Structure formats: C-alpha cells, structure tokens
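What follows is one structure encoded as structure tokens, with my remarks underneath.
Fair warning: this is a prediction, and the values are worked out from it, not measured in the lab.
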Amino acid sequence: MMKIRQKADVVICGLGWAGSIMAEELTRAGLNVIAIERGAWRDTSTDFPPAIDPDELRWHTRREMLQPMSVETTTFRNNTGQNAAPVRNWSAYQFGWNVGGAGTHWAGMSWRFTPWDFEVYTRTVERYGKERAKGMQLQDWGVTYAEMEPFYDRFERIAGTSGYAGNIKGEKRKGGNVFEGPRSRDYPTPALKDTHWMSKYRQTVEKMGYNPFTVPAGNLSQAYVNPLGVSMGPCTYCGFCDFHGCGNFSKSSPQACILPTLMRRPNFTVLTETEVLQVVKHDDGQTAKGVKFITKEGEVGFQPADVVCITAYQMDNVRLMLLSGIGQPYDPATGKGTTGRNYNYQTCSSVSGFFAGEKMNPFIGGGALAVQIDDFNGDNFDHSDVDFIGGAGIMGFSTNGRPIQNMNGLRPGTKRWGTEWKKGYARDYQEAGTIFCQGTSMPSQGSYLDLDPTYKDRHGQPLLRVTFDWNRNDQKMARYVTDKAVKIMKEVGGTDISVDNQAESSWNPYKQHSSHTIGGAVMGKDPSTSALNTHLQSWDVKNVFVVGASAFPNNGGYNPTLTVGALAVKAARAIAEQYVKNPGKLVGA
C-alpha cells in the first residue's frame, strides 16, 4: 500500500542551492514546506572537517560526493542519426548526491550574467541584423538584467560573495569589471588576494590595454555574518574547493549559508535518501496534486502539496518534467514543443605555459581565485568584423594545487614514468601557469533532451537522452578567444605552450572541463518557445515551478550558480507574494 503523507503547502524536489533558497524564502513567508532529497544528509562538522576535506583521492579522483553512476546516468549522441549510449564517466557533469547538491562541491565562481545575455536575440538583431542569428535558436529570457538585479543582490548577501564592483549604479570603477551590468552596491566582502601567477597575468594584460579584475568568489575573503544570521569564516587558500566540501565554513554553500537557519524552522521538513519519481497531476491535467516518491528501503509514497517546485540538477529537472508529462516534448525536426528545447553546454579552452625558475606555489589556491578580462566576453567588443556572436572571459587562475590532478601538467616531451617523471613533476608543478577561456554557447535546433527509448534506471523509468554537438558559432568563437589567450601567454613569457580547445572536435562527454550544462526547460514570454514563464511557472501545469540552469535559453561566458540562485529568489517571491494569494497563471492569465 502506498504511504500517503500529510499535505504540505509546498513540496520541493531537490535540496541544492535552488531548493534551499526557495525553502528559506517560503518558510520565512509562513508556508509549510517539505523538501525531498535523494541524496544523504551532509554536514560540515561530520562529513568534511579540515582534517578530511583535503582528501583529493576520495573527493576529486573518486568523486565520492557526486551521484554514483551505478544509480543513474544519461545516454548521449551527437545527432539524431546516431544511436545513443549510456555515459559511463562523469567528466562533463557533476550531479550532486546529498543535501546541498552540487552547491556543496562547487568551486565558488560567483558571476552575474550580463544585460546582453538576457536579451541575446533582440540585441544581436539590433546591432548586427537578423542574418547574424541564422543557424542558431536564439531567444530572449523574458526578463532583463535590471529586473534580475535585486535578486542577484539578495543571493550575494546570503552567500557572502567576495569581489570588487566595477559598475555601481552606472559609475564605472577601475579595478572591477567595467563591463558588468549596473549594481546597486558593492560585494558584501572584499576581493581575494593575488597569487604570484595572478599578479603576472594581471600586470601583463593591463599593459596590453585590457581591463583585469579579481573574479567574484564564493570563497570569502574575511569573516562574515549573512542576513540569515549565519557566521562564515575567511578562506585559508587551501585550494581544495571544487569536488570538496569546505571544512572552514568559508565557501558559500547551502550547508554554510542557509541550512543552519532553515533546519530550525518548525514549518520546514526534509526527507533524505528519498527520490521523487513523478509529479502527479489532477485528472484535468491543469494542476499537480503532489509527488510520488520512493525511499532508500523501496517504500513508495505520495506527498500531497498545493505547489510543486522542481529544483534538482538541470538534467533531472527536465527528466522529471518529461516523466510527469508536463509540457509538450520538443521535436527537433519541427522545432515545436518546449520540454527538452534549447539544451546547451559551455564553450571552453585552456592555454598552458611554463616559466623557468619561477615559483608559482600552486598549493596556495581557492576555487574561484583568479584574475579575468572580459574585454572579449559576451558582446563587450564589436563583432562587425567577425562571423560569430558571443565570446569568453579569459582568466589566469590559481584555483587548485591538487598534487594528483596536476601530475599531467608537465612540459611536452617529459617522460611520464620513473625518475625523469619525478624530476619533471617536481619542476613543472611550481613553474606552470594556465589561462582559461570560459565562453558563451548558443542553442541550435538539433540539440535537445528527451527520454531514451531503450535504457531505463533501476526503477524501470527511461533515462534522459542528450543529443548535442558544438554549432559553428561556438566553434568560431572558441577559436577567436583561444588565439587571444595564446597571445597573452606569449606576452607574459610562457614557454612550451600547449592548447586545449574543446570545441575543435565533436562534443565528447569524457573530454570536458566544464560542468555547466543548461537549458531543456527554458523560460520566456512565449509559450510556443518556452516551457516556463518569467516566474519559472510551468505554462501548462500552473502550480509547478521549475528552478535551475534548465531555465537558461542560452549560456553566458560565466558559471551559472549565481543566476540559478537569483532565479530561485525571484520564483519563491512570486509564489509567496502572488501565487498563494491568487492561485493561477502569474503571466498571461
């Protein structure tokens, strides 16, 4: 017999960044919230205190904090003419597997998207004409940067983000990112300090006429108490951030910033190691009545709720919508349907060089510790003389000094075994520097997500199928910014230069350096091209809200977490301030 729980005002499916923020907003508004998380509880004190946190073999190499592939995977193909096969290694993706989700093991880079990113179609056509948009499936988000600014600010205050603003209310400030959209105020904590490599990079690009700035970080530069009353400590630059928890309470995460407050609220409950199988709709198909779940012990249950929030990893959000029959599945042949539409990734490349006799001391690091130029990102430069849109941030970073991972960072020609390898590694660990290009990526009609017709999970439900490859715009853009990075590396004095441009060959899930996978349940003003309205409410099932990077119609040249957090604040406030008072469509009613 199915276990039926007491009805809640809101059920949240997935307790990562998006779910935690929404739960905090909604419980503070007085709603009774149940969160269902398929991973286990993880706590800083018991799971990754300072003595355990820097265990590279456990956390980075074996990836113990990520969802096991024995539990679930996706299938993949480059185009519809291929047979998809199950992915067997999480190189491209980093699914969370615990309370806190991927927000527990992320690096901490805390970017706002630019005003152009939110209106990529309109601004591209206005500046370069409709011809420039051909071959891509560009569409605006339905919200502007100015509308998102208060929600960005709220998330930054909760996370304690460190940085130095380059644009406050339209006033540009040297030393910050002069290309960013106007901010209402500066970051809550100051920018992090430079390492030796960052200083060399900063001085070089400044001499070249560019505008360097310290990357905004969820690695806090000083002690901080956030608006929820949670205390955080200063970063110790240990360098064990991405794939690791933070034993110092100095990396922004749900554990460090939200859960200590949330768990004390009597109107909040979390069910861990419990997996949502499906959103269950009423017979009219217009609303949901709750979610069906299964516990670790195999007990199937039902959680009734007035509002359902799907806040899992981007892939899982789309899969749960497809499994639940929410929205019309996307058809790549016609371009019609919205669930699965505009799946996208991120275009990245790296340029490595060596500096004889220098000591970069890479063991001093932070997950977001870097200096960047945005002179070639987004639409910050004139694209009239190039045949692509978008661009990339180009950074010199000191994000990790992990000794196992860096064993491959050797000069070309160095032996990979024995005494010569040991000598080479002892030299190159200290003398290497890398420039990373993190770029925009634009959607195309042939890239999408759907349910695989062949492969199923352990519960007998279809796996998610990914169909994706780089489009010509992504490839041309990546080539352009990579050439810029090579020129910088030569100017800064690097030798034995090696280049890894991931867009030079077909997309391959085993060869990626980014986990920034987006789209599939995108937001917008037009229900024929978007699955969600501008409050992330399903156009088709009005009491279902879907929050995460799945809502991005295109990818910016930045990490997605801050935008996910800002959208979560926006959606939660729409529920608490509008939907609860007048249940119905918040847009286009």
(message) Can you pull out every side chain to side chain donor-acceptor pair (under 3.5 Å) where at least one residue sits in residues 141-150? Sequence neighbours excluded, please.
(response) R112-Y145, R112-E149, W141-N554, T144-E147, E149-S184

(request) With sequence neighbours excluded, give me every side chain to side chain donor-acceptor pair (under 3.5 Å) pair touching residues 213-227. (result) R202-T214

(message) If the condition is side chain to side chain donor-acceptor pair (under 3.5 Å), which residues does S253 pass it with, not counting sequence neighbours?
(response) none

(message) Could you walk me through whether R183 and E156 satisfy the side-chain contact (heavy atoms from CB on, under 4.5 Å) test, starting with their C-alpha distance in whole Å, then the side-chain angles of each, then the deciding distance to 0.1 Å, before giving a yes or no?
(response) CA-CA 11 Å; R183 307 166 53 87; E156 287 171 348; 2.9 Å; yes

Please tabulate, one pair per line, all N/O donor-acceptor pairs under 3.5 Å involving side-chain atoms of residues 350-375, not counting sequence neighbours.
residue : atom : partner : partner atom : Å
S352    : OG   : T434    : OG1          : 3.1
E358    : OE1  : H196    : NE2          : 2.6
E358    : OE2  : K200    : NZ           : 3.0
N361    : OD1  : Q430    : NE2          : 3.1
Q372    : NE2  : D374    : OD1          : 2.8
D374    : OD1  : N377    : ND2          : 3.0
D374    : OD2  : N177    : ND2          : 2.9
D374    : OD2  : Y558    : OH           : 2.6
D375    : OD1  : N211    : N            : 3.2
D375    : OD2  : N211    : ND2          : 2.9

With sequence neighbours excluded, tell me which residues meet side-chain contact (heavy atoms from CB on, under 4.5 Å) with [X].
| X | result |
| --- | --- |
| K169 | none |
| Q445 | Q137, Y330 |
| K476 | D387, F388, R472 |
| P150 | none |

Give me each pair satisfying salt bridge (charged side-chain N to carboxylate O under 4.0 Å, His left out) with a member in [range], each pair once, sequence neighbours excluded.
| range | value |
| --- | --- |
| residues 213-226 | none |
| residues 481-491 | none |
| residues 548-564 | none |

(request) Scan side-chain atoms only and decide if T517 and Y343 contain a donor-acceptor pair under the 3.5 Å cut-off. (result) yes

(request) Among residues two or more places apart or on two chains, list those pairs meeting ring pair (Phe, Tyr, Trp, His ring centres under 6.0 Å) that have a residue in residues 151-188. (result) W17-F155

